[in-house]
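Worksheet: one structure, shown below.
All of these numbers come straight from a predicted model, not from anything done at the bench.
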Amino acid sequence: KDIGYYTSIIVGNQKFRVILDIGSSNLWIPNNDCTVEACQNHERFNSSQSPTFKPEGQNCEITYGTGTATGITGKNNIQIGSITANEQFFGLTEFEDNTFSFDELNTMDNGAPILISTLIKQKTIDPIFSFHFQHFNVSDDKRTFTLGGVDKSKFEGNITFTPIISSNSIPNCFWVINLKDVNVNDHSMNFSREAIIDTGTTLLIIPDDDAVAIHSQFQDHF
């Protein structure tokens with residue numbers, strides 16, 4: 001509950017649930033011949049039942065902070081909502097660590113276009129996507145993922161945009177911004193950091209010294 005946010009996609013003619021994780025790039029799903037527990041607990045892709053599937057045959061190995069998945073690659077038409085990415089590159093896992101709890105989105109670092117890039121190149125969507133998240137127990141506010149725009153019913157006023165930057169210390173596969181400061185109880189912490197925007201986790205991960213400084217502002221509340 002409030003650990004991750006997922007949606008349904010259709011790969012060829014088969015339905016899967018995937019985590020909406022912008023801390024990753026390429027898409028992968030369990031292959032039909034994957035026999036480990038993590039695969040057995042989820043839907044698996046059967047290429048023989050998908051006439052639009054094209055094998056690529058490249059080996060892929062994907063590493064998370066919570067585990068590893070390995071497999072091969074292929075292409076297929078992938079539908080998310082009412083939008084379809086034609087001949088989209090994706091991974092088919094033949095091994096997954098049992099730490100995985102859903103079918104995943106992740107990085108394969110092979111230069112293949114990601115799902116969003118394919119949709120933009122096809123001129124299916126404008127080059128923008130947006131998320132609206134809400135707590136699990138708030139039943140009257142539907143969480144949304146909008147491709148090609150924003151859901152204007154979810155906010156008032158104007159959106160403030162922050163440029164994505166290149167970082168010398170963070171790999172290029174992440175969305176990195178400049179974090180100019182942190183305020184706690186209207187007190188500036190004078191932090192200036194590079195930060196990763198990652199919808200694949202609800203955790204806020206910061207350096208130890210920063211955590212100590214922030215928690216020191218709450219000491220009267222413990």
Side-chain angles (χ1 to χ4, degrees), residues 3-122 124-125 129 131 133 143-148 171 173-175 198-202:
I3 295 175
Y5 298 91
Y6 62 89
T7 191
S8 294
I9 64 171
I10 297 175
V11 182
N13 54 1
Q14 299 165 48
K15 190 174 182 178
F16 295 87
R17 293 190 304 174
V18 293
I19 291 178
L20 296 168
D21 181 5
I22 64 169
S24 312
S25 57
N26 286 320
L27 169 66
W28 58 267
I29 55 178
N31 201 4
N32 195 47
D33 59 1
C34 182
T35 58
V36 298
E37 182 180 352
C39 292
Q40 295 290 322
N41 289 337
H42 302 103
E43 295 295 328
R44 290 173 291 165
F45 182 76
N46 188 336
S47 59
S48 66
Q49 296 180 4
S50 178
T52 53
F53 174 74
K54 296 179 180 180
E56 286 286 307
Q58 298 180 24
N59 294 326
C60 61
E61 180 174 353
I62 308 141
T63 301
Y64 279 104
T66 56
T68 300
T70 58
I72 58 174
T73 58
K75 287 184 178 180
N76 212 331
N77 298 335
I78 297 179
Q79 180 180 341
I80 179 168
S82 61
I83 299 173
T84 300
N86 297 316
E87 296 191 349
Q88 175 61 42
F89 181 94
F90 69 108
L92 290 163
T93 58
E94 297 174 339
F95 170 81
E96 299 175 18
D97 281 330
N98 290 330
T99 50
F100 295 118
S101 56
F102 297 102
D103 313 322
E104 299 279 350
L105 291 171
N106 211 315
T107 304
M108 288 183 279
D109 292 337
N110 51 21
I114 63 174
L115 180 66
I116 299 295
S117 297
T118 297
L119 293 172
I120 295 171
K121 186 176 180 180
Q122 291 176 180
T124 305
I125 65 170
F129 60 92
F131 294 88
F133 292 144
R143 293 151 288 278
T144 57
F145 171 44
T146 305
L147 286 163
C173 56
F174 293 104
W175 302 93
D198 182 2
T199 60
T201 178
T202 55

Q.
I want to check something: taking the side chain as every heavy atom from C-beta on, are Glu87 and Lys54 in contact at a cut-off of under 4.5 Å?
A. yes

Here the pair of heavy atoms bringing Asn13 nearest to Gln49 is ND2-O, 2.7 Å

Quiz item: Do the ring centers of Phe53 and Phe45 come within less than 6.0 Å of each other?
Solution: yes

- Query: Between Leu27 and Ile9, is any pair of side-chain heavy atoms under 4.5 Å apart?
  - Reply: yes

Any side-chain heavy atom of Ile29 sitting closer than 4.5 Å to one from Leu92? yes

Taking the inter-plane angle between the rings of Phe133 and Phe131 on a 0 to 90° scale, is it parallel (under 30°), tilted (30 to 60°) or perpendicular (over 60°)? tilted

All heavy atoms of Gly148 vs all of Ile125, minimum pair found to be CA-CB, 3.9 Å

Taken in chain and number order and not counting sequence neighbours, the residues that satisfy ring pair (Phe, Tyr, Trp, His ring centres under 6.0 Å) with Phe95 are none

In Thr7, Leu115, Val11, the residue satisfying side chain to side chain contact (heavy atoms under 4.5 Å, CB included) with Val18 is Thr7

Any side-chain heavy-atom pair of Thr118 and Phe89 under 4.5 Å
no

(message) Could you check whether any side-chain heavy atom of Ile116 comes within less than 4.5 Å of a side-chain heavy atom of Leu147, counting everything from C-beta outward?
(response) yes

Validation row: Trp28, Phe90 side chains within 4.5 angstrom (heavy atoms): no

Residue set satisfying side-chain hydrogen bond (donor to acceptor under 3.5 Å, both in side chains) with Gln122, at least two apart, ordered chain then number -> Thr124

message: Under a 3.5 Å distance rule, please check whether Glu43 uses its side chain to pair with a backbone N or O of Lys15 as donor and acceptor.
response: no

Closest non-hydrogen atoms of Asn31 and Glu94, given as atom of the first, atom of the second and distance, are ND2-OE2, 3.7 Å

Sorted by chain and number, sequence neighbours left out, salt bridge (Lys or Arg N to Asp or Glu O under 4.0 Å) with Glu56 holds for none

